[in-house]
Chemist: 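Sharing a structure here in structure tokens format.
Values below: every heavy atom of this structure, side chains too, minus hydrogens, waters and symmetry copies. Since the model is a prediction, treat every value here as computed from it, not as a measurement. Remember, it's 1-based here, ligands and their atoms both numbered in the order they're listed.
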Amino acid sequence: MSSTQTSLTNPGTHRADLSVRMRRLRSSPALREMVRETHIRLEKLIYPLFIVEGSGIRKPISSMPGIHQQSVDQMLKEVEKIAENGLRSVILFGIPEKKDPEATGAWRSDGIVQKATIEIKKRFPELLVVADTCLCEYMSHGHCGIVEDGRILNDPSVDILARAAISQAEAGADIIAPSDMMDGRVAAIRHALDSAGFTDIPVMAYSAKYASGFYGPFREAAESTPQFGDRSSYQMDPPNAREALREIEMDIEEGADIVMVKPALAYLDIIARARVITNLPIAAYNVSGEYSMVKAAAANGWIDERRVVLECLTGIFRAGADIVITYHALDVAAWLR
Ligand code: PBG
């Protein structure tokens with residue numbers, strides 16, 4: 001007879017006080033739902049879209065099943081579906097026809113994100129359009145700033161970012177979301193928006209954005225892989241947490257309305273710590289690599305996709321996020337309806 005069996009038949013003296021039984025509140029679906037602490041709501045999710053020039057284009061991203069590069073006409077069909085399914089916001093990433101060392105496509109009034117924004121707002125005025133403000137998709141070298149002698153310059157990059165932000169606001173963007181990680185860009189963008197009369201357009205700052213391997217599939221989608229080096233001279237070092245809190249505090253000081261932590265799942269501690277230091281809304285970006293891993297495992301039949309996606313998103317909200325940017329948003333909307 002093993003010792004376990006012995007203790008089962010012979011309970012002995014080490015018995016917990018069972019006047020408290022945690023299982024009482026888990027005994028029925030209605031009870032579990034009554035005491036449930038965290039909910040996923042569609043108005044908290046932002047769905048990313050990748051826009052290309054041309055028409056009739058809907059090109060699948062091989063590393064992100066279900067996600068496409070789309071021309072504006074095709075994108076509008078998807079936006080209709082997005083709205084029908086109860087989602088309330090999208091974030092736009094543009095892939096210009098031509099890239100150059102000045103990121104011209106980021107700030108031109110006929111840039112791809114500007115054109116997409118105008119068309120969405122014309123047809124779906126209620127849908128929130130978040131404009132990702134960055135230079136990497138528009139730069140021939142794929143970095144998020146101006147490059148000189150192999151270095152990424154800060155201040156001249158900030159000037160272009162501010163210009164891009166104004167141009168996106170002019171096109172009708174509802175929220176400006178700088179994702180470049182240059183120093184001082186939130187203050188510069190806030191000042192530029194205010195000077196141009198866009199005092200009511202909020203800035204959602206990618207405040208704690210880490211130099212992450214989880215961005216791999218996005219770079220296929222946005223064609224924004226750096227042509228040399230990597231982004232570790234401007235994006236954050238993954239081992240650092242206190243530095244993330246400094247970044248968040250500084251962005252708040254500079255006028256951010258919403259702060260962001262990115263990626264989400266490997267950085268839940270940062271979300272939770274940010275929740276403690278600020279009362280601003282916190283966004284979290286459930287990034288491309290996090291999406292692709294779930295999709296790959298689900299395609300192999302190794303996990304239950306719906307269950308795992310909802311569990312991941314619940315975890316991000318439970319950690320303290322108010323808003324989640326996720327490629328799963330459309331699936332989630334369909335499941336929850
Ligand atoms: C642009 C940007 C990136 C992402 C969002 N904005 C890529 C990067 O920094 O290389 C990544 C999003 C994702 O992986 O889903 N700077």
Chemist: When you measure from the heavy atoms of Tyr285 to every atom of ligand 1, does any distance fall below 4.0 Å?
Modeler: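 So Tyr285 counts as touching ligand 1.
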Chemist: Taking Glu119 first and then Lys115, would you say they form a salt bridge - that is, a charged N and a carboxylate O separated by under 4.0 Å?
Modeler: no
Chemist: Measure the distance from atom 15 (O) of ligand 1 to every protein heavy atom, then report the residue, atom name and distance (to 0.1 Å) of the closest one.
Modeler: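 So the nearest neighbour among protein heavy atoms is Tyr327 OH, 2.5 Å.
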Chemist: With atom 5 (C) of ligand 1 as the reference point, say which of Gln235, His143, Lys262 has the nearest heavy atom.
Modeler: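 Considering heavy atoms of Gln235, His143, Lys262, the nearest to atom 5 (C) of ligand 1 sits in Lys262.
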Chemist: For the pair Arg58 and Asp73, find out whether any cationic side-chain nitrogen is under 4.0 Å from an anionic carboxylate oxygen.
Modeler: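 Asp73 and Arg58: not salt-bridged.
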Chemist: Provide, to 0.1 Å, the distance between atom 8 (C) of ligand 1 and the closest protein heavy atom, together with that atom's residue and name.
Modeler: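 Of every protein heavy atom, Arg231 NE, 3.5 Å lies nearest to atom 8 (C) of ligand 1.
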Chemist: Is the shortest distance from a Lys or Arg side-chain nitrogen in Arg190 or Asp194 to a carboxylate oxygen in the other one below 4.0 Å?
Modeler: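 So Arg190 pairs with Asp194 through a salt bridge.
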Chemist: Counting non-hydrogen protein atoms only, what is the nearest one to atom 14 (O) of ligand 1? Give residue, atom name and distance.
Modeler: Ser288 OG, 2.7 Å
Chemist: Can the positive tip of Lys59 be found less than 6.0 Å from the middle of the six-membered ring of Phe50, inside 45° of the ring normal?
Modeler: no
Chemist: What I'd like to find out is whether the side chain of Thr133 reaches to under 4.5 Å of the side chain of Arg185, using heavy atoms alone.
Modeler: no
Chemist: Report the nearest protein non-hydrogen atom to atom 2 (C) of ligand 1: residue, atom name, distance rounded to 0.1 Å.
Modeler: Lys209 NZ, 3.3 Å
Chemist: Which part of Asp132 is near ligand 1, with near meaning a heavy atom under 4.0 Å away: side chain, backbone, both or neither?
Modeler: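 It is the side chain that gets close, since no backbone atom is under 4.0 Å.
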Chemist: Heavy atom under 4.0 Å from ligand 1: found in Cys136's side chain, backbone, both, or neither?
Modeler: side chain
